[in-house]
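Here, residue 1 is the first one in the sequence, and each next residue gets the next number.
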Amino acid sequence: TVQFYDYKLGTDFSLVLQYLQNNYRTVTLASLADLFHYSEPHLCTLIKQNTGFTFTTLIKHLRLTEATAYLLNSNLKVNEIAELVGYNSADHFSRGFRGEYKMSPAEYRKKHSANVESFVPFAES
């Protein structure tokens, strides 16, 4: 939440951002606006002012950030990761991922897991 919040505005917007960070998989703009008693246009303005991102971009960023963690730290299949982070379709997830990272999720996993050293518990130094 802290990474997106602009404290200079002086509004207590952190509850909205915390809610987004914890519910990005399923939240919609309409449900968020209803929960916090804002109109959708006003909520969009507040999100943009406080984070610098649109609602859609912020949700996409949260989902893809979580997806990269799953890709690097699990053996889950791409379609399972897509579902876990809130995408209804593995194809939609893959298109969004490729747009952001300029490679497929499988390519990302392969490229970045090669850079992570394996932990060997009692290796001799």
Side-chain angles (χ1 to χ4, degrees):
T1 306
V2 173
Q3 68 181 349
F4 298 116
Y5 190 52
D6 181 357
Y7 291 95
K8 293 179 281 192
L9 291 177
T11 58
D12 185 21
F13 199 69
S14 63
L15 290 176
V16 174
L17 293 176
Q18 285 176 333
Y19 186 85
L20 280 172
Q21 195 160 16
N22 292 320
N23 297 282
Y24 65 86
R25 292 165 191 89
T26 58
V27 72
T28 64
L29 181 60
S31 67
L32 187 66
D34 187 50
L35 181 67
F36 286 96
H37 307 289
Y38 289 115
S39 70
E40 290 180 34
H42 184 63
L43 183 59
C44 285
T45 300
L46 288 174
I47 290 170
K48 180 72 170 180
Q49 285 175 343
N50 282 274
T51 67
F53 299 107
T54 64
F55 173 79
T56 304
T57 302
L58 183 59
I59 294 300
K60 180 181 175 183
H61 177 77
L62 290 168
R63 287 177 175 177
L64 292 179
T65 299
E66 185 74 8
T68 61
Y70 279 120
L71 287 167
L72 298 179
N73 301 306
S74 77
N75 292 322
L76 294 171
K77 296 177 182 175
V78 171
N79 64 321
E80 294 171 322
I81 293 171
E83 187 177 325
L84 282 171
V85 299
Y87 284 91
N88 295 328
S89 147
D91 289 338
H92 184 225
F93 165 67
S94 293
R95 280 192 305 276
F97 193 94
R98 185 177 294 276
E100 185 71 23
Y101 295 101
K102 310 302 182 229
M103 64 182 79
S104 72
E107 290 168 331
Y108 183 93
R109 175 181 270 164
K110 185 176 180 179
K111 179 179 179 182
H112 290 87
S113 64
N115 296 335
V116 177
E117 293 183 27
S118 297
F119 174 69
V120 181
F122 297 102
E124 294 181 28
S125 302

Find the distance between OG1 (T56) and NE2 (H61) and round it off to the nearest 0.5 Å. 14.5 Å
Any chance CG of N73 has more than 12 other-residue heavy atoms, nucleotides or ligands included, within less than 6.0 Å? yes
Listed by chain and number, what are the ring pair (Phe, Tyr, Trp, His ring centres under 6.0 Å) partners of Y108, not counting sequence neighbours? F97, Y101, H112
For A106 versus V78, what's the shortest heavy-atom pair and its separation? N-CG2, 4.4 Å
Residue pairs meeting side-chain hydrogen bond (donor to acceptor under 3.5 Å, both in side chains), one or both in residues 24-35, sequence neighbours left out, come to T28-S31
Within the 4.5 Å heavy-atom criterion, are V27 and Y19 side-chain neighbours or not? yes
A67 versus V85, closest heavy-atom pair with distance: N-CG1, 3.8 Å
To the closest 0.5 Å, what do you measure between CZ (R95) and OG (S89)? 6.0 Å
Can you pull out every salt bridge (Lys or Arg N to Asp or Glu O under 4.0 Å) where at least one residue sits in residues 35-63? Sequence neighbours excluded, please. none
To the nearest 0.5 Å, atom NE2 of H37 lies from atom CG of L32 at 11.5 Å
What residues form a ring pair (Phe, Tyr, Trp, His ring centres under 6.0 Å) with Y70, not counting sequence neighbours? none
Testing the basics here: between R109 and N75, what is the closest heavy-atom pair and its distance to 0.1 Å? NH2-C, 4.1 Å
Donor-acceptor pair, E83 side chain versus E80 backbone, under 3.5 Å? no
Could you give me the CA-CA distance, side-chain angles and deciding distance for N79 and Y87, then say whether side-chain contact (heavy atoms from CB on, under 4.5 Å) is met? CA-CA 9 Å; N79 64 321; Y87 284 91; over 6 Å; no
Mind checking ring pair (Phe, Tyr, Trp, His ring centres under 6.0 Å) for H42 and listing every partner two or more places apart, or none if nothing turns up? Y38
Under the criterion side-chain contact (heavy atoms from CB on, under 4.5 Å), I'd like the reasoning laid out for L71 against I81: C-alpha separation, chi angles, the key distance, then a yes or no. CA-CA 8 Å; L71 287 167; I81 293 171; 3.6 Å; yes
Exercise: identify the closest heavy-atom pair between G99 and K102: O-NZ, 2.8 Å
Are S94 and S104 packed together at the side-chain level, in the sense that at least one heavy-atom pair is separated by less than 4.5 angstrom? no
Considering all heavy atoms, the nearest T68-T65 contact: OG1-O, 2.7 Å
One should read off an interatomic distance between I47 CD1 and I59 CD1, to the nearest 0.5 angstrom, of 7.5 Å
Rounded to the nearest 0.5 Å, how far apart are SG of C44 and CG of L58? 11.0 Å
Name all residues meeting the side chain to side chain contact (heavy atoms under 4.5 Å, CB included) criterion together with N22; count only those two or more places apart in sequence or in a different chain, and write none if there are none. none
Check whether any side-chain heavy atom of F55 sits under 4.5 Å from a side-chain heavy atom of L20, and report yes or no. yes
Shortest non-hydrogen contact between A82 and A90, atoms and distance: CB-CA, 4.0 Å
Between atom CZ of R98 and atom CZ of F93, what is the distance when rounded to the nearest 0.5 Å? 11.5 Å
